[in-house]
> 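Just passing along the structure, written as structure tokens.
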Number of protein chains: 2
Amino acid sequence: MNYSKQREVVLNSLKENVIHPTAENLYSIIQIEYPEVSKATLYRNLSQLAKAGLIRKIDGLDSSAHFDHNTKLHYHFICEKCGKVFDISTDVAQNIVKKAEQETGFKITSHEIVFKGLCKDCKN
Amino acid sequence: MNYSKQREVVLNSLKENVIHPTAENLYSIIQIEYPEVSKATLYRNLSQLAKAGLIRKIDGLDSSAHFDHNTKLHYHFICEKCGKVFDISTDVAQNIVKKAEQETGFKITSHEIVFKGLCKDCKN
DNA sequence: GTATAAAATAAGAATAATTATCAATTTGAG
DNA sequence: CTCAAATTGATAATTATTCTTATTTTATAC
């Protein structure tokens, strides 16, 4: 991966926006300061950065993919009322990969857990 | 929900095709015997049946949603080589909802676990 | 520094999956 | 049987994302 100004902007924007943004969220945010970053470039870089392991793509939350600056293993919760995404620690499912591999005999290379419901604020 | 012939066809086809098909998979299958079921009707009925809890929609496996005739709680694995989807029992993550609710204080109404990797056949 | 090949870009077209529109048909309660 | 509500087929529209192409940047070799 060569250096590019646009990729740096994408990566930094994600690091500064810890809200698990979608590509469109990030595009709006980036547009304000860096209108020179096009949508195609944003999508391309998000893919590349995720493939390189520098960021993480989160599927299954809602109709679009969200992106996470935090590459350490953890899970996610999306509030069905306000749409906010929160982290859930791996404590909730210990040794889950080992257990699943033992049960199935498959080789597991990645996994994601998505919880849905109401966050603390929206519950009331 | 009123009765409709088309909805019956959709539900029965899913029950007979335990392969976790996508909407397009199911459309191809249904077309052969029941060309009178349109694509719009298929999508509409899959949504309605899922909302009514008679089937389950699985997100996060790949670019399209898959559907499951089995509404009992369980998790999923998709083989990144052959694309087949397999069930994973809830044993791999016991009390996960309770744990996540205790950790966060959120109200969790649903969750899904998606594993990716290589199935037994593709591993070799 | 200059040449140059590989990588990256912007702009917009294209695609894939899904949802919406709407007139016509079907269903079910009274 | 009647009529409103539900459902349908056909197709347009939408959403999210990827692809195309000509141009520009970057890294490297001289």
Side-chain angles (χ1 to χ4, degrees), chain A residues 1-14 17 19-52 54-68 76 78 80 83 85 112 114, chain B residues 1-14 19-52 54-68 78 80 83 85 112 114:
Chain A
M1 232 186 343
N2 281 350
Y3 171 84
S4 88
K5 178 73 197 305
Q6 286 86 338
R7 181 146 47 231
E8 188 175 37
V9 167
V10 171
L11 186 53
N12 287 340
S13 300
L14 191 56
N17 288 281
I19 55 161
H20 306 87
T22 63
E24 290 295 325
N25 293 155
L26 216 42
Y27 185 65
S28 308
I29 293 167
I30 288 174
Q31 273 299 92
I32 298 163
E33 274 194 85
Y34 307 96
E36 70 271 21
V37 178
S38 74
K39 199 170 278 193
T41 296
L42 172 62
Y43 273 98
R44 220 177 312 120
N45 279 308
L46 288 171
S47 295
Q48 284 177 123
L49 290 167
K51 185 179 280 186
L54 298 173
I55 64 173
R56 241 182 81 197
K57 185 179 182 187
I58 318 165
D59 290 313
L61 287 173
D62 57 20
S63 52
S64 28
H66 291 242
F67 293 88
D68 200 333
H76 295 98
I78 185 164
E80 293 190 294
V85 176
E112 172 66 275
V114 168
Chain B
M1 236 190 333
N2 281 352
Y3 171 85
S4 89
K5 178 73 199 304
Q6 286 88 338
R7 181 145 48 231
E8 188 175 38
V9 168
V10 171
L11 186 52
N12 287 341
S13 301
L14 191 56
I19 55 163
H20 306 87
T22 63
E24 289 296 325
N25 293 156
L26 215 43
Y27 184 66
S28 308
I29 293 166
I30 289 174
Q31 273 297 92
I32 298 163
E33 274 195 85
Y34 308 95
E36 69 270 22
V37 177
S38 74
K39 198 169 279 193
T41 296
L42 173 63
Y43 273 98
R44 232 181 337 224
N45 278 308
L46 288 171
S47 294
Q48 284 176 124
L49 290 166
K51 185 179 281 187
L54 297 172
I55 65 173
R56 241 183 82 195
K57 185 179 181 188
I58 317 166
D59 290 311
L61 287 173
D62 58 19
S63 53
S64 28
H66 290 243
F67 293 88
D68 199 334
I78 185 164
E80 293 190 294
V85 176
E112 172 67 275
V114 167

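Just so we're on the same page: letters track the sequence lines, and every chain starts at 1.
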> Check the distance between C:dA8's P and A:Leu46's CG and give it to me in whole angstrom.
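Roughly 14 Å, once rounded to whole Å.
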> For A:Thr41 and for B:Ala23, find the nucleotide of DNA chain C with the closest heavy atom, then tell me which residue's nucleotide is more 5'.
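The answer here is A:Thr41.
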> Show each protein N/O and nucleotides 19-23 of chain D N/O combination with a separation under 3.5 Å, one pair to a line.
none

> What closest approach, in Å, do A:Arg7 and A:Asn2 show between heavy atoms, and which atom pair accounts for it?
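Result for this residue pair: NH2-O, 2.5 Å.
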> How close do B:Pro21 and B:Leu14 get, counting heavy atoms only, and between which atoms?
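Here B:Pro21 and B:Leu14 meet closest at CG-CD1, 3.6 Å.
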> Quick one: pull up CD1 in B:Ile58 and NE2 in B:His20 and give me the separation to the nearest 0.5 Å.
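That separation rounds to 5.0 Å.
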> Which whole-number value in Å describes the distance from A:Gln48 CD to D:dT17 C1'?
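Going from CD in A:Gln48 over to C1' in D:dT17 covers 15 Å.
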> Kindly indicate whether the side chain of A:Ile30, heavy atoms from C-beta on, has any atom under 4.5 Å from the side chain of A:Val10.
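Yes, their side chains come closer than 4.5 Å.
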> Round to a whole Å and report the spacing from CG of B:Leu26 to P of C:dT18.
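Atom-to-atom, B:Leu26 to C:dT18, this comes out as 12 Å.
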> From the set C:dT18, D:dT8, C:dA8, return the single nucleotide nearest to any side-chain atom of B:Gln6.
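The listed nucleotide nearest to B:Gln6's side chain is D:dT8.
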> Would a 4.5 Å heavy-atom cut-off, applied to side chains only, mark A:Asp68 and A:His76 as touching?
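Answer yes - side chains close enough.
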> Rounded to the Å, how far apart are A:Leu42 CG and D:dA16 P?
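Checked: the CG to P distance equals 13 Å.
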> What is the distance, to the nearest angstrom, from the OH atom on B:Tyr43 to the C1' atom on D:dT14?
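My rounded result for the distance is 13 Å.
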> Reading DNA chain C from 5' onward, which residue's closest nucleotide shows up sooner: A:Arg7 or B:Thr22?
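The residue mapped nearer the 5' terminus is A:Arg7.
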> Can you tell which of C:dT9, D:dT7, C:dA8 lies closest to the side chain of A:Asn45?
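Of the options given, the side chain of A:Asn45 lies nearest C:dT9.
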> In whole Å, I'd like the distance from the CD atom of A:Glu8 to the C1' atom of D:dT26.
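The distance from CD of A:Glu8 to C1' of D:dT26 comes to 14 Å, rounded to the nearest Å.
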> Over how many whole Å does the gap from B:Tyr3 atom OH to C:dT26 atom P extend?
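So the two atoms are 13 Å apart, to the nearest Å.
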> Determine whether A:Glu112 and A:Lys57 make a side-chain contact, defined as any pair of heavy atoms from C-beta on separated by less than 4.5 Å.
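No, too far: nothing below the 4.5 Å cut-off.
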> Within the 3.5 Å criterion, strictly below it, is a donor on A:Arg44 or A:Ser47 matched to an acceptor on the partner's side chain?
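Side-chain D/A pair, A:Arg44 to A:Ser47: absent.
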> Could you tell me if the side chain of B:Leu26 sits less than 4.5 Å from the side chain of B:Leu46, heavy atoms only?
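Side-chain contact under 4.5 Å: yes.
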> Quick one: does A:Glu8's side chain get under 4.5 Å of A:Leu11's, heavy atoms only?
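No; the side chains remain at least 4.5 Å from each other.
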> Could you give the CG-to-P distance, from B:Asn2 to C:dG28, as a whole number of Å?
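Checked: the CG to P distance equals 5 Å.
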> For DNA chain C, which residues of residues 56-68 of chain A approach it to below 4.0 angstrom with any heavy atom?
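Contacts with DNA chain C under 4.0 Å: none.
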